[in-house]
Amino acid sequence: MSDTNRGRATPTSFPDIGPTVPALALSALTFIAGAGAGFLVLGVSGWLVVALLLALGAAAVPRGPFAAILIVLLAVALVAGGRPGYAPPLIGLLAAGHLLVAVGSLSAWLPRRASVQLAVLRRPLLRYLVVQVAAQIVAFAVLALIRPAGAEAGSVWLGLVGAIAALALAAVAAPLLLRPAR
Amino acid sequence: MSDARPGGHADRTSLRPRWSLNPAVGYAAAAAALLAGLALVTSRPEFALIALPLFAIVAFGVERRPRRSEVVTTTTRLAPDTDATGVGYDTRFDLSADVDALAVVLATADGTTHRFAVTPETARRLIGKVAVTHSGPQEILRLHYSALGAAGAAFTSPDAGPASSRLVPPPRLPIDSLPLPQRVVGITGAHDSATPGDGGEFRDVALFAPGDRLRRIDWKVTARRAQLPGDLYVRRTFSTADAIVMLVIDDRDEVSADISRWSGSKGPLTSTTSLDLAREAAASLASAYLAAGDRVGMRDLAGTARSVEPGGGTRHLQRLQTTIATAAPTGRPVKTTRTPIVPASALVVVISSFLDDLAATMAVTWASTGHRVLAIDTLPQVDVAAASREERTAFQLLMLERTSRLDGMTASGVEPVRWDAAPGSAVPAVRLRALTRPRRIR
C-alpha cells in the first residue's frame with residue numbers, strides 16, 4: 001500500500017443519516033430546563049443552589065433520580081411559597097418538569113458522544129407538545145375554579161424527604177407496570 | 001451467523017433483545033405517585049397538575065410495551081474495493097413496530113468508532129465506505145446496537161451485531177525488468193537455454209542422426225552438402241527453459257512507521273506496515289514473473305499461510321494472491337523455524353524487514369548453496385518524531401545491528417532491494433532493473 005492509495009480522498013465510514021445533533025445538546029437542554037424552572041420557582045435563594053446541583057446531576061447522570069427529586073422539590077416549593085393560581089411559576093414548572101423527564105429518558109438511553117438524527121426527536125417532540133398543551137389547558141381550567149390553599153412553613157424539606165422515600169416505594173410498582181408484554 | 005448469497009457475502013445476526021425499564025421514566029413514575037399523594041393529603045391541586053404530564057409519559061409507555069418475542073435481525077454486506085477508495089458496507093436492521101429509535105455503535109477498520117441514533121426507517125439501510133489502509137485479513141466492520149421502545153419508557157441492553165471481515169488483496173506494482181536465477185531449467189519455457197532441444201534459437205546444421213525429426217531436415221543444405229546417397233542434414237536448435245522463483249515471506253512480525261508502537265500495539269495501525277509492503281512486493285513479483293511465463297512458488301516463515309509449489313498460469317496466480325493475502329503474524333514469538341526447502345536452480349526472493357537474524361541467515365545459506373538470492377527489505381520509512389529518547393536510542397541500536405546484518409548478506413552475495421524507497425532514491429522497479437543481467441548459459 002506504499003504508493004497506490006496516496007493522493008486519493010479518504011472516504012468517510014459514517015453513514016449518511018441526514019442532519020444530526022450531538023447527544024450532549026440534550027444533556028445541556030436538561031440542565032437549562034432544570035435551572036430555568038429552579039430560578040422561576042425559587043428565585044435567588046439558597047435553595048436555588050440545591051436546584052442547580054440537582055439539574056446538573058440530571059444532565060450528567062440521566063439514569064439517576066435527580067430529575068425526579070428536582071421536580072418534587074420545586075413542586076413543594078411552589079405550593080409552600082404561597083403563589084396560587086395559574087401563574088408563570090406553575091406554567092414554567094409544568095413545562096420544565098415534563099421536559100426534564102422527556103429529554104432525560106432519551107439521554108438515559110443514548111451513548112454520550114452519539115450523533116442523534118433529527119428525525120429521532122420528532123416523535124418525542126410531538127408527544128411532548130400534545131401532552132403539554134393538554135396539561136396547560138387542564139391546569140388553567142382547574143386553577144381558575146379553585147382558590148389556592150395557604151402556605152406551610154418547612155414543607156420544602158417534606159418534599160425532599162418524601163421524594164426519596166417514595167422513590168423506593170415506587171421502584172416496586174413501576175417495573176411491574178412497565179414490564180414488556182408477553 | 002453468515003451466509004453466502006448471489007452477488008455478495010452477508011453476515012447476519014438474529015437476536016431477541018432484552019428490554020428493561022428506562023430508569024428516568026421509573027423515577028418519574030415514582031415522583032408522579034408522590035405528587036399525587038401530596039395532592040390528596042394537602043388538597044392542593046397544583047401537585048396533581050404537575051404530576052399529570054409524568055403520568056402521561058408512563059401511560060404512553062404502558063400502551064406501547066414491547067413484545068419479548070420480537071427478534072432484531074441485522075445483516076451486513078460488504079462490497080469489493082474496486083477503485084481503491086475503500087470497502088463499501090450495506091447494513092440493514094429488521095426491527096419490530098415496537099421500536100421507536102435505534103442507537104448504533106460502529107467500529108470500522110480505519111480505527112474510527114461512530115456513535116449515532118436513527119429512526120427505524122433509516123435503520124432499514126445504512127450505507128457507508130470504510131477506507132482500508134492495510135492488506136490481508138481485516139475486520140472491516142463491527143457494530144453494537146440498542147433499541148428504544150415504549151415511547152421512551154424502555155430500552156434494550158446493547159447487543160452485538162455481525163462482525164464483517166474481508167481478505168483485502170495487496171496491490172500490484174508494475175515491474176518491467178526481472179532478474180533471473182543463475183540457471184534456467186527444463187526443456188520448455190519462456191527463456192533461452194543452452195540445452196539442445198526444440199523451440200529455441202538456431203544452433204547448427206548437422207547430419208541426420210537417430211532421434212532427429214524428419215521435419216527438421218533442411219533440404220537446401222542437404223542438396224548442397226550431401227556427398228553420399230542417404231546423407232540428410234537437419235537444423236538443430238537450443239531448447240527453451242523455465243525460471244523458477246521462490247518467494248519466501250517473513251511474516252513473523254508487522255511493524256509500522258511509528259517506532260513507539262514497536263513494543264506493542266496500542267490500537268489499530270493506521271500507517272503502512274512492513275507486512276503491507278511484503279504482501280505488495282510478493283504480489284507484484286508473482287504477477288510479473290507469471291506474466292513472463294516463469295514458475296513461482298511461495299513459502300512463509302510464520303506458518304500462517306500455506307506453502308505453494310512452483311507453478312504457472314492464471315489460476316496459479318490467483319492461488320498465490322490469496323495465499324499472499326493470508327500471510328499474517330501469529331501474535332506469538334516464533335522461536336525456531338526450519339529453513340524452507342527450495343528447488344535447485346531457483347531464484348530465491350527473501351521478503352523481510354530483517355529485524356532479526358533468521359531471514360538473513362536463511363538468505364546467506366541459500367546464497368552459499370548456489371542460489372541467486374534477492375533480499376527485499378520491507379521496513380517502512382520510519383518516523384521517530386513521536387518516540388521518546390529511550391525509544392530513539394533503542395531504535396538506533398536496532399538499526400546498527402540491522403545495517404550490519406544487511407552488509408553481511410551483501411558480502412555473501414545476496415542482492416538487497418529496498419521496497420519502501422526514501423524520497424529521491426530509486427523505486428523498486430528501477431532497482432530490480434539494475435539487477436537484471438544476462439543469464440548464464442549452462
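Naming: A, B, ... by sequence-line order, numbering from 1 per chain. For clarity, every value in this text was computed on a predicted model and none was experimentally measured.
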Enquirer: Locate the shortest heavy-atom distance separating A/Val142 from B/Pro45; write the atom from each residue and the value.
Expert: CG1-CB, 3.9 Å
Enquirer: Against chain B, work out which of A/Gly64, A/Ser107, A/Gly97 has the most heavy-atom pairs shorter than 4.5 Å and name it.
Expert: A/Gly64
Enquirer: Could you tell me which portion of A/Val131 (side chain, backbone, both or neither) has an atom closer than 4.5 angstrom to a non-hydrogen atom of chain B?
Expert: side chain
Enquirer: If you measure from the Lys or Arg side-chain nitrogens to the Asp or Glu carboxylate oxygens, is any gap between B/Arg418 and B/Asp377 under 4.0 Å?
Expert: yes
Enquirer: More than 12 heavy atoms of other residues, nucleotides or ligands under 6.0 Å from CZ of B/Arg431: yes or no?
Expert: yes
Enquirer: Side chain, backbone, both or neither: which part of A/Arg63 has a heavy atom under 4.5 Å from chain B?
Expert: both
Enquirer: For A/Gln117 and B/Thr122, does a side-chain donor sit closer than 3.5 Å to a side-chain acceptor?
Expert: yes
Enquirer: Using a cut-off of 6.0 Å, state whether more than 12 heavy atoms not belonging to A/Phe39 lie near its atom CZ.
Expert: no
Enquirer: Taking every heavy-atom pair that is under 4.5 Å apart, which of A/Ser115, A/Gly18, A/Ala67 has the most such pairs with chain B?
Expert: A/Ser115
Enquirer: Using non-hydrogen atoms only, which part of B/Leu102 is less than 4.5 Å away from chain A: side chain, backbone, both, or neither?
Expert: backbone
Enquirer: Examine whether an atom of B/Ala147 lies under 4.5 Å from a heavy atom of chain A, and if so say whether it belongs to the side chain, the backbone or both; otherwise answer neither.
Expert: backbone
Enquirer: Quick one: what part of B/Ala151 sits under 4.5 Å from any heavy atom of chain A, side chain, backbone, both or neither?
Expert: both
Enquirer: Tell me, side chain or backbone of B/Ile127 under 4.5 Å from chain A's heavy atoms, or both, or neither?
Expert: backbone
Enquirer: Looking at B/Ser146, B/Pro158, B/Gly152, which has the largest count of heavy-atom pairs under 4.5 Å with chain A?
Expert: B/Ser146
Enquirer: Tell me yes or no: between the side chains of B/Arg279 and B/Ser135, is some donor less than 3.5 Å from an acceptor?
Expert: yes
Enquirer: Assess the side chains of B/Thr273 and B/Glu254: does a donor N or O sit below 3.5 Å from an acceptor N or O?
Expert: yes
Enquirer: Heavy-atom distance under 4.5 Å to chain A: side chain of B/Gln381, backbone, both or neither?
Expert: neither
Enquirer: For A/Arg122, does the CZ atom have more than 12 heavy-atom neighbours from other residues, nucleotides or ligands under 6.0 Å away?
Expert: no
Enquirer: Look at B/Ala51, B/Gly88, B/Pro120, B/Ala103 and state which one has the largest set of heavy-atom pairs under 4.5 Å with chain A.
Expert: B/Ala103
Enquirer: Give a yes-or-no answer on whether the side chains of B/His114 and A/Ser13 include a donor-acceptor pair shorter than 3.5 Å.
Expert: yes
Enquirer: Name the region of B/Asp100, side chain, backbone, both or neither, that has any atom closer than 4.5 Å to a heavy atom of chain A.
Expert: both
Enquirer: Heavy-atom distance under 4.5 Å to chain A: side chain of B/Leu106, backbone, both or neither?
Expert: side chain
Enquirer: With chain A, which of B/Ala117, B/Ala150, B/Gly128 has the greatest number of heavy-atom pairs at distances under 4.5 Å?
Expert: B/Ala117
Enquirer: Heavy-atom cut-off 4.5 Å, strictly under: side chain, backbone, both or neither for A/Pro124 against chain B?
Expert: neither
Enquirer: Check each atom of B/Ala56 against the heavy atoms of chain A and say whether the ones under 4.5 Å are side chain, backbone, both or neither.
Expert: side chain
Enquirer: Does a donor on one side chain sit under 3.5 Å from an acceptor on the other, for B/Ser274 and B/Thr378?
Expert: no
